[in-house]
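The structure under discussion appears below in the form of structure tokens.
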Protein chains: 2
Amino acid sequence: MDQERPVKLSDISKALNLSVSTVSRALNDSHEIGEETKRMVQSYASKVNYRPNLIAQSLKEMNTRYIAIIVPEISNSFFAEIVNGVEFVANNQGYHVVIYQTHDSTEREINIIRDVARRKADGLLLSPSTNQTEVNEVMKSIGAKLPVVYFDRVPSDNYCHKVVCDNYQAAFEATSWLIQQGKRRIAHMAGPSGISISIERLAGYSAALLHAGISVDPNLIRYSNFLAREVWDNLRDLEEKYQPDAYFASSDRLSFYCYEAVQRLPEPRASEVKIVGFTNAPFAHLLRPKLSAIVQPAFEMGKISAEMLLNTITKKNKDIEYGFIKLPAVLKNTE
Amino acid sequence: MDQERPVKLSDISKALNLSVSTVSRALNDSHEIGEETKRMVQSYASKVNYRPNLIAQSLKEMNTRYIAIIVPEISNSFFAEIVNGVEFVANNQGYHVVIYQTHDSTEREINIIRDVARRKADGLLLSPSTNQTEVNEVMKSIGAKLPVVYFDRVPSDNYCHKVVCDNYQAAFEATSWLIQQGKRRIAHMAGPSGISISIERLAGYSAALLHAGISVDPNLIRYSNFLAREVWDNLRDLEEKYQPDAYFASSDRLSFYCYEAVQRLPEPRASEVKIVGFTNAPFAHLLRPKLSAIVQPAFEMGKISAEMLLNTITKKNKDIEYGFIKLPAVLKNTE
DNA sequence: CCATTTTACGCAATCGTTTGCGTAAATAAT
DNA sequence: ATTATTTACGCAAACGATTGCGTAAAATGG
């Protein structure tokens, strides 16, 4: 028969005529409990299926053995892979990973950060949608030593832990590859102008053009907020006025929206225009015509982020040594 | 200056020369606290950025105001949409949603369920990878009144809450459409044979064939565990021996693995073989040749699941009335 | 054989909240 | 003016676990 109510230490202590503290120590295999008593307690506990109440434990220990990760959208393969890398490391060290998504809403993001702090997560992995100063505000206001590692989109200052891929290099290579294919009028579909990844990818794109002796035309650079409508509007405008011969899309979603819009163009443009974009979608290589992909080492990024975070959690008394890791991305699905 | 340590009730009570209980009541707007005192306390609390410790609250209240959802893989668009539906409802009612993934591992699934119980989540949404009797075992052993709603993959018994899409109908329509297209040798790439969705989809497939006067050939039915390798092996074998003229794939991942394998076949088969499969991938419609898609109302399923769960959580004293909701799926991307 | 250490356990405080109950002072009722 | 009621607050227990400290009994030492 199944008990109606989870069994707790005092249930065991009553049943065995022992004190609660003795039971607790016996279950934790303390040296100050007799071997025989330990066996008694442990066998009884497993018989009645005792499981310590993690809330009570957390309150006492002031840690929760879980870390939180906040991402814009879990369905985005890039972030899903990051989460998998994080789980891989965290689970090995006995930590659980709690996933939150912001759907690119600043309000949600702030609420989640506050909640994570109030629930006393042991650490936080964050790729902020929100602008930097606002994130700083929130971080201050929670008034706690909540260890944070930023990934993908990171603050510019150096007093925090950061894990990114080499966006500049990746954008440089992608753009250079398009140039090698004979393209000269390369449009850049960029993300929001404020955030780190947009800035670095734009820089790489510009550098590649200049390196090839092509001047950077601001008209060919379009910012948008990961929304299909904005990408489509930008693309229509570009097509009407400038007819680029290639597109470089700066993120997963932008890549697909851009690809879709190009495919809807009348021939021969639909098949002539080349597209290269950041994406970790596992099925991107199935598209015809091809979508050339800059693939980030997302799983690895997740692993490293989690390792950095867990390090600062366990060595929290030591002086902090801020880390900044930058990993290479690779260009795939070229011909 | 930011405080080093989160401020707690006793900090406020000392600063204001009040008792902790008075402070607590003042912050909770209790009627037995004077208006002036309330204002004092509230303004001071917000000045020092007081946030109640949710762990302590949970321990006292014996609820946590969050629900857990366990899915095989968050990168799977179907499950990601479900999660979004769940969040939509839960957040509106003041609940947080904690997402876990099993990666189709029974061991992970069981560990997660145990952990969810120990952390005293107020409820659980579950699409079990694990076989039914084993799940029942675990549910018994946690010895708690943890409300559960099953979705997608559900147990066969009627003493639980369930939300699914009409798999039989969807499979019937998909298969019938292939028959209308003139296909007769339709292979079925099915999921693991034990679980509800596989059984129902197979039934719909078979019924459609019989309805059209085509006999069901067991050789054309292949089970697999959502692994690319298995799908590819099955497909190679089918191609060598039976040369089906169409494939019906029974899940998101199976659809893409199957599509990919077919595209690698030598022409003219690659473009002649028609494929229809379950998928909620947002970019499935970009594929050429087409992948016809059975799209499940995932967001809706998530919403309904969450509503059912929150109902049983808040009305837990009332007698339980088990619900079983079945929603229609639609066939898209046909010509 | 007595003094000292070790063994094995219990008592009580603690983590940060909430809440039932008790009680002074203030107000209202008679 | 005396009693009854309300108002506004404090004390202490509780949620379930962990742990420092105290202390009998047992083991050890000289």
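Below, chain A is the first sequence line, B the second, and so on; all start at residue 1.
- At D:dG16, none of the side-chain N or O atoms of A:Tyr50 fall inside 4.0 Å of OP1 or OP2 (strictly under the cut-off).
- Atom-to-atom, NZ of A:Lys8 to C1' of D:dA17 comes out at 11 Å; the value is rounded to the nearest Å.
- No side-chain heavy atom of A:Lys120 sits less than 4.5 Å from a side-chain heavy atom of B:Leu54.
- Out of D:dG20, D:dC15, C:dT17, the shortest distance to the side chain of A:Arg25 is found at D:dG20.
- With B:Ser24 contributing its side chain and B:Val20 its backbone, the two residues share no donor-acceptor pair below 3.5 Å.
- Among the atoms of the strands shown, only primed sugar atoms or phosphate atoms (P, OP1, OP2) are found under 4.0 Å from some heavy atom of B:Thr37.
- For the pair B:Asn63 CG and D:dG16 C1', the computed distance is 15 Å after rounding to whole Å.
- Atom CG in B:Asn53 sits roughly 10 Å away from atom P in C:dT18 (whole-Å rounding).
- Donor-acceptor pairing under 3.5 Å is recorded for the side chains of B:Glu134 and B:Asn131.
- We find that CD1 of B:Ile33 is positioned 12 Å from C1' of C:dT19, with the value rounded to whole Å.
- Among all heavy-atom pairs drawn from A:Arg153 and A:Pro72, the shortest one is NH2-CG, 3.8 Å.
- Here B:Glu32 lies in heavy-atom contact (under 4.0 Å) with a base.
- A donor atom on one side chain and an acceptor atom on the other are not found under 3.5 Å apart for B:Arg65 and B:Asn63.
- Atom CG of B:Asp11 and atom C1' of C:dT17 are 13 Å apart (whole Å).
- Nucleic acid contact class of A:Leu18 (heavy atoms, under 4.0 Å, all strands): sugar-phosphate only.
- Between the side chain of B:His161 and the backbone N or O of B:Tyr322, no donor-acceptor pair lies under 3.5 Å.
- Rounded to whole Å, atom P of D:dG10 lies 14 Å from atom NZ of B:Lys14.
- Every stem involving DNA chain D, taken as at least 3 paired positions in a row under the Watson-Crick or G-U wobble test at 3.5 Å, is listed here: C:5-26 with D:5-26, C:28-30 with D:1-3.
- Nucleic acid contact for A:Lys60: base, since at least one base atom lies under 4.0 Å from a heavy atom of the residue.
- Between D:dT18 and A:Asn28, a contact under 4.0 Å exists linking OP1 or OP2 to a side-chain N or O.
- Between D:dC9 and B:Thr22, no contact under 4.0 Å exists linking OP1 or OP2 to a side-chain N or O.
- At least one cation-pi condition fails for B:Lys162 and B:Tyr150: the charged atom is not both under 6.0 angstrom from the six-membered ring centre and inside a 45 degree cone around its axis.
- The side chain of B:Val20 lies closest to C:dT17, out of D:dC15, D:dT18, C:dT17.
- Heavy-atom nearest nucleotides on DNA chain C were determined for B:Ile55 and for B:Ser21, and the one closer to the 5' end corresponds to B:Ile55.
- Atom pair B:Glu35:CD and D:dT7:P shows a separation of 12 Å (rounding to whole Å applied).
- For the 3.5 Å distance criterion, the side chains of B:Thr22 and B:Ser19 qualify, holding a donor opposite an acceptor.
- Atom CD in A:Gln57 sits roughly 17 Å away from atom P in C:dG16 (whole-Å rounding).
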